[in-house]
Amino acid sequence: MTDPRFSGIGMTSARTRDRLIQRLRDQGITNLTVLDRIRNLPRHIFMDEALASRAYEDIALPIGFGQTISQPYIVARMTEALLNGPALKQVLEVGTGCGYQTAVLAPLVERIYTIERIEGLQKRARLRLKELGIRNVRFKVGDGSIGWRTQAPFDGILVAAAPLVVPEELIAQLAVGGRLIVPAGPEGKQQLLCLVRGEQGIERRVLAEVSFVPLVGGVG
Ligand code: SAH
């Protein structure tokens, strides 16, 4: 990555990014592949220039259309949880947003299918990933709560917005051994869950208390 926009200066420089990585470590993120990827991927290019100087703070920030780019800690935690199993070939992501989480994950898996309900966000995400030279992602505008049937089953599914209850359709699209990382519950009471499809059925674990934008039905 030689483009000067990507390497960053001042508040987007390598030193600022290293501080973020230290913070993620302090919060318990241990997967070095994930930490390295977050260190090397510029987050500031995913947001408006006016907010770029805050890109390496561990906070969610607005990306337009009433949505936010996920907090780096959450991206790290979800990616770590998703990678905590056999190598991932087919991954489904629901809630592309600005594409940051997609870009973190892309080099760590074989292929990502990502769904976003807001077309304007999807267009921008597509452009950014292209600029970054990421080519193993397929995009779709639509309602991700019904998954992507023609590409199922998936080894991993990552959901970046919170349904009240985990959609059955997403569970149905998990391959045996596949993992679904999803926040669920009403606002103020959401939990990040990890569901794994075993030979005998679904195993369900709570990873953390979290706060996500709601998963909305229909195309906006
Ligand atoms: N990981 C993203 C976070 C985006 S926030 C990032 O780093 O930018 C969650 C996204 O989920 C929003 O863009 C929202 O529009 C989208 N979303 C909400 N409900 C959805 C649905 N049913 N299907 C697809 N996308 C949805």
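- Residues Tyr113 and Val104 are members of separate hydrophobic clusters, defined by side-chain heavy-atom contacts under 4.5 angstrom among Ile, Leu, Val, Met, Phe, Trp and Tyr.
- Hydrophobic clustering (side-chain heavy atoms under 4.5 Å, transitive across Ile, Leu, Val, Met, Phe, Trp, Tyr) groups Leu20 together with Met78.
- The CG atom of Leu105 sits 6.5 Å away from the CG atom of Leu83 when rounded to the nearest 0.5 Å.
- Without hydrogens or angle criteria, Asn31 side chain to Val34 main chain gives a donor-acceptor distance under 3.5 Å.
- Shown here for Gly156 and Leu82, the closest heavy-atom pair between the two residues is CA-CD1, 3.9 Å.
- Side-chain contact between Leu215 and Val94 is present, with at least one heavy-atom pair separated by less than 4.5 Å.
- No donor-acceptor pair under 3.5 Å is formed between the side chain of Asp48 and the backbone N or O of Ala50.
- In terms of hydrophobic clustering, with Ile, Leu, Val, Met, Phe, Trp and Tyr side chains grouped at heavy-atom distances under 4.5 Å, Val75 and Leu108 are assigned to a common cluster.
- Between Leu61 and Thr68 the shortest side-chain heavy-atom distance does not fall below 4.5 Å.
- Nearest heavy-atom pair, Ala81 versus Ile181, reported as atom, atom and distance to 0.1 Å: CB-CD1, 3.7 Å.
- Using a cut-off of 4.0 Å between Lys/Arg side-chain N and Asp/Glu carboxylate O, Glu131 and Arg128 are scored as not salt-bridged.
- Side-chain contact between Thr33 and Asp36 is absent, with no heavy atoms from C-beta onward closer than 4.5 Å.
- Using a 4.5 Å cut-off on side-chain heavy atoms (C-beta onward), Gln67 and Leu121 make contact.
- Taken to the nearest 0.5 Å, the SG atom of Cys98 stands 9.5 Å off from the CG atom of Leu129.
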- Give the C-alpha distance, both sets of side-chain angles, the deciding distance and a yes or no for side chain to side chain contact (heavy atoms under 4.5 Å, CB included) between Val141 and Glu116. CA-CA 5 Å; Val141 175; Glu116 168 58 53; 5.9 Å; no

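- Side chain to side chain, Ser70 and Gln101 fail the donor-acceptor criterion of an N or O pair below 3.5 Å.
- Residues Tyr100 and Ile38 have side chains in contact (heavy-atom distance under 4.5 Å, counting atoms from C-beta outward).
- For the residue pair Glu93 and Thr114, a side-chain donor N or O sits within less than 3.5 Å of a side-chain acceptor on the partner.
- The neighbour count for Gln27 CD, taken as heavy atoms of other residues, nucleotides or ligands under 6.0 Å away, is above 12.
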- Message: Please evaluate residues Leu88 and Glu110 with respect to the criterion side chain to side chain contact (heavy atoms under 4.5 Å, CB included), reporting the C-alpha separation (whole Å), side-chain torsions for both, the decisive distance (0.1 Å), and the verdict.
- Response: CA-CA 7 Å; Leu88 298 167; Glu110 213 167 284; over 6 Å; no

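- Taking the side chain as every heavy atom from C-beta outward, Val91 and Ile157 never approach each other to under 4.5 Å.
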- Task: Tell me, with the steps shown, if Thr30 and Glu80 meet side chain to side chain contact (heavy atoms under 4.5 Å, CB included).
- Result: CA-CA 8 Å; Thr30 55; Glu80 192 171 70; 3.6 Å; yes

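- Considering only heavy atoms from C-beta on, Arg124 comes within 4.5 Å of Phe65 through its side chain.
- Taking every heavy atom of both residues into account, Val210 and Pro183 meet most closely at CG2-CB, 4.0 Å.
- For the atom pair CZ of Arg138 and CG of Leu92, the computed distance is 12.0 Å after rounding to the nearest 0.5 Å.
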- Message: Under the criterion side chain to side chain contact (heavy atoms under 4.5 Å, CB included), I'd like the reasoning laid out for Leu158 against Arg179: C-alpha separation, chi angles, the key distance, then a yes or no.
- Response: CA-CA 8 Å; Leu158 194 153; Arg179 323 165 69 77; over 6 Å; no

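- Between the CD1 atom in Ile115 and the CZ atom in Phe139 there is a gap of 12.5 Å [rounded to 0.5 Å].
- Distance check: Asn40 CG to Leu35 CG gives 11.0 Å after rounding to the nearest 0.5 Å.
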Validation: residues 159-170 side-chain donor-acceptor distances under 3.5 Å, sequence neighbours left out:
| residue | atom | partner | partner atom | Å |
| --- | --- | --- | --- | --- |
| Glu169 | OE2 | Arg149 | NE | 3.1 |
| Glu169 | OE2 | Gln173 | NE2 | 3.2 |

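- With a 4.5 Å cut-off on side-chain heavy atoms, Lys130 and Arg126 do not count as touching.
- Under the 4.5 Å side-chain heavy-atom criterion for ILVMFWY residues, no single connected hydrophobic cluster contains both Trp148 and Ile146.
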Indicate every side-chain donor-acceptor pair of residues 190-208 with a distance under 3.5 Å to a residue at least two apart or in another chain.
| residue | atom | partner | partner atom | Å |
| --- | --- | --- | --- | --- |
| Gln190 | OE1 | Phe212 | N | 2.6 |
| Gln190 | NE2 | Phe212 | O | 3.2 |
| Gln191 | NE2 | Glu209 | OE2 | 3.4 |
| Arg197 | NE | Leu174 | O | 3.0 |
| Arg197 | NH2 | Ile171 | O | 2.9 |

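- Cation-pi contact between Arg23 and Tyr73: absent, since separation from the ring centre below 6.0 Å together with deviation from the ring axis within 45° is not met.
- Rounded to the nearest 0.5 Å, atoms CD1 (Ile134) and CG (Asn136) are 7.5 Å apart.
- Checking each of Arg39, Arg43, Arg15, Arg19 against Tyr56 for a side-chain contact (heavy atoms from CB on, under 4.5 Å) leaves exactly one that passes, namely Arg43.
- At least one donor-acceptor pair under 3.5 Å links the side chain of Gln90 to the backbone N or O of Gln151.
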